[in-house]
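One structure below.
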Amino acid sequence: MSVKQNVQSAVARVYQLLYDRYRSAALLEPNRKPLILFTSVSRAEIGGNAKFVYDRICQRGLAERFNVVLDFSPDIKSVETPAKQLAFIKRLANADIIFLDDYHPFVYFVDFPADVKVVQLWHAIGSFKTIGFSRKRANQEEHRRTSRAHRGYTHVIVSADVDKPHYADAFNMPEERIFATGIPRVDGFLNEESLAQARQAFFERFPQAQGKRVIVFAPTFREDDIRKATYDFSQLDFAGIADYCRKNNALFMLKFHQYTHGFNGVPAGMEDVIVLADGIREVNDLLPAADLLITDYSSVLYEAALIDVPTVFFPYDLEYYEQTRGFYEPYESFVPGPIVRTPEALVAALSYAGDQARIDAFKRRHFAHFDNHSSDRVVDLVLGTTEGSLAV
């Protein structure tokens, strides 16, 4: 074993010892109600899939049967002190149901008893670019054998059956524990009232977008280490984009991934037509007002397709990305929109109006449910509730 593996093994033993002690004490508490823990070390507050599940638990009055606890931190470093780690272990030990929405290394140190449910909601829809153990590594088999990552999931929530084998590979687990309930946050995209509220909130935040063609540019980041995450901003012809926007009454919204570093701001003199969507945590908050989405390898393509937003794909480094990260299916045949590879071609594609037949085919394959009840299915599946009796 490597030095890193030895350290992780030692930490896991300490975690397990403390967890078992706290768990035994928790189960002895009189009049104890089952505890549901929502936790993440990649966001400061609850959001995305976790929020939709949490909201449905509260809306259906189920919180009266359970204690519900939220434990969210903006990044891993913010919870690395011994005191915070100890507090987190105590919360884990008290939890009977644990909801995750991303990679959470501190959860993986514990081997949970059979009566504890660990539910991975994940933060993306579908299986597009590889994640987890599916990602390309020189020592792939050794990594699967020795890594503690993604250990112990009792439930993984996916959008459709087509995703099951991909997530089974990604999380090194059997397909029997993967459930195509639909993704909880999709409920918000199937509710016209919610979409209308999101559009209104967008225009209140960006009043300069009123009456304009709204183009949302939302690429993912490069580099495996999120501390070095960046994007090749030279691939953007800002002068050409600004010229297009002025001639076509458009507004170009920049929504870089939260991990992306190094952007120096909108070029001077172009702020009237190019806007940095600073402070917007979820790109989904922009989509209801979008007339066009531009992305590369981001799973936002699923939400865009769901509400019929045309999408142009700009994978300027496709070959490199395929070699270093990879996809579950061939990129060119998977994406539901045109592919452009140069700054000039991107500007030329800003007038793209979409191909509805192509979008519809994509939706039929990648969404099992269109009934606005994915959150309910997750709640019933995990909590064992019967209200609504919604089948998976």
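Counting begins at 1 with the first residue of the sequence. This one's a predicted model, so the numbers in the text were calculated from it and none came from an experiment.
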task: Mark yes or no for whether Tyr167, through its side chain, and Val156, through its backbone, hold a donor-acceptor pair below 3.5 Å.
output: no
Hphob cluster co-occupancy, Val214 + Val266, side-chain heavy atoms under 4.5 angstrom: no
Short side-chain to backbone donor-acceptor contact, Thr220 and Ser298, under 3.5 Å: no
- prompt: How about Glu192: does its CD atom have over 12 heavy atoms from other parts shown lying under 6.0 Å from it?
  reply: no
query: Can you name the nearest heavy-atom pair linking Pro184 to Ile157, along with the distance?
result: CD-CG2, 4.2 Å
task: List the steps and the verdict of ring pair (Phe, Tyr, Trp, His ring centres under 6.0 Å) for Phe263 and Tyr231.
output: CA-CA 8 Å; Phe263 183 60; Tyr231 183 83; 9.4 Å; no
message: Please evaluate residues Arg23 and Val116 with respect to the criterion side chain to side chain contact (heavy atoms under 4.5 Å, CB included), reporting the C-alpha separation (whole Å), side-chain torsions for both, the decisive distance (0.1 Å), and the verdict.
response: CA-CA 11 Å; Arg23 181 71 180 170; Val116 173; 3.6 Å; yes
Backbone of Val382 reached by a side-chain donor or acceptor of Lys117 within 3.5 Å: yes
message: In the structure I gave you, are the side-chain heavy atoms of Val186 and Leu190 within less than 4.5 Å of one another anywhere?
response: yes
Nearest-0.5 Å distance that lies between atom CD in Gln140 and atom CZ in Arg135: 11.0 Å
message: Has Arg213 got a side-chain atom pairing as donor or acceptor with Gly211's backbone, closer than 3.5 angstrom?
response: no
task: Find the distance between CG (Leu318) and CD (Gln323) and round it off to the nearest 0.5 Å.
output: 9.5 Å
- prompt: Does Gln16 reach the main-chain N or O of Asp111 with its side chain, forming a donor-acceptor pair under 3.5 Å?
  reply: yes
field: Greater than 12 external heavy atoms within 6.0 Å of Glu45's CD
entry: no
- request: Please confirm whether the backbone N or O of Leu62 pairs with a side-chain atom of Glu64, one donor and one acceptor, at under 3.5 Å?
  value: no
- prompt: With distance as the sole test, does Asp163 use its side chain to make a donor-acceptor pair with the main-chain N or O of Ser127 at under 3.5 Å?
  reply: yes
field: Distance-only polar pair, side chains of Tyr108 and Tyr153, donor-acceptor under 3.5 Å
entry: yes
message: Whether Asp169 and Arg144 form a salt bridge (side-chain N of Lys/Arg under 4.0 Å from carboxylate O of Asp/Glu) is what I want to check.
response: yes
- prompt: Glu204 and Gln200: side-chain donor and acceptor closer than 3.5 Å?
  reply: yes
- prompt: With a 4.5 Å limit on heavy-atom distance, are the side chains of Phe38 and Val68 in contact?
  reply: yes
task: Could you tell me whether Asp296 and Lys129 have a side-chain N and a carboxylate O separated by less than 4.0 Å?
output: no
message: Less than 4.0 angstrom from a charged side-chain N to a carboxylate O is my criterion; do Asp101 and Arg185 meet it?
response: no
query: Salt bridge or not for Glu329 and Arg365, using N-O below 4.0 Å?
result: yes
- prompt: Do any N or O atoms from the side chain of Tyr316 and from the backbone of Asp232 form a donor-acceptor pair under 3.5 angstrom?
  reply: yes
query: Which atom names give the shortest non-hydrogen contact between Ala160 and Ala180, and what distance separates them?
result: C-CB, 3.8 Å
message: Are Tyr302 and Phe128 packed together at the side-chain level, in the sense that at least one heavy-atom pair is separated by less than 4.5 angstrom?
response: yes
field: From CD1 (Ile280) to CG (Asp285), nearest 0.5 Å
entry: 6.0 Å
message: Could you check whether any side-chain heavy atom of Leu301 comes within less than 4.5 Å of a side-chain heavy atom of Pro336, counting everything from C-beta outward?
response: yes
message: Looking at Ile183, is its backbone amide N or carbonyl O close enough to the side chain of Arg377 to form a donor-acceptor pair, meaning the two atoms are under 3.5 Å apart?
response: no
- prompt: Between CG of Leu121 and NE2 of His123, what distance do you get to the nearest 0.5 Å?
  reply: 11.5 Å
- request: State whether the number of non-hydrogen atoms from other residues, nucleotides or ligands found under 6.0 Å of Gln356 atom CD is greater than 12.
  value: yes
query: Please walk me through it: do Phe313 and Tyr352 pass ring pair (Phe, Tyr, Trp, His ring centres under 6.0 Å)?
result: CA-CA 11 Å; Phe313 294 86; Tyr352 178 65; 9.4 Å; no
message: Walk me through whether Tyr297 and Phe327 qualify under ring pair (Phe, Tyr, Trp, His ring centres under 6.0 Å).
response: CA-CA 9 Å; Tyr297 316 118; Phe327 305 96; 5.7 Å; yes
- request: Please say whether more than 12 non-hydrogen atoms of neighbouring residues, nucleotides or ligands are located less than 6.0 Å from CZ in Arg341.
  value: yes
field: Reference residue Phe171; test ring-ring contact (aromatic ring centres under 6.0 Å, His included); the match among Phe133, Tyr103, Trp122
entry: Trp122
query: Is the shortest heavy-atom distance from the side chain of Phe99 to the side chain of Asn49 under 4.5 Å?
result: no
query: Does Arg56 come within less than 4.0 Å of Asp187, counting only side-chain N to carboxylate O?
result: no
query: Which distance, rounded to the nearest 0.5 Å, do you find between the NZ of Lys164 and the CZ of Arg177?
result: 13.5 Å
message: If you apply the rule side chain to side chain contact (heavy atoms under 4.5 Å, CB included), what do you find for Glu322 with Asp317, and how did you get there?
response: CA-CA 9 Å; Glu322 286 177 326; Asp317 55 352; over 6 Å; no
- prompt: Counting only heavy atoms not in Tyr320, do more than 12 fall under 6.0 Å of its OH?
  reply: no
query: Is there side-chain contact between Leu306 and Phe370, with heavy atoms separated by less than 4.5 Å?
result: yes
query: Does any N or O in the side chain of Thr154 come within less than 3.5 Å of the main-chain N or O of Val118, such that one atom is a donor and the other an acceptor?
result: yes
message: Would you compute the distance between atom CD of Gln59 and atom OH of Tyr54 and round it to the nearest 0.5 angstrom?
response: 10.5 Å
query: Any side-chain heavy atom of Leu346 sitting closer than 4.5 Å to one from Tyr244?
result: no
- line: Gly182 and Val378 have their tightest heavy-atom pair at O-CG2, 4.3 Å
task: Check whether any side-chain heavy atom of Tyr331 lies under 4.5 Å from a side-chain heavy atom of Ile339, and answer yes or no.
output: yes
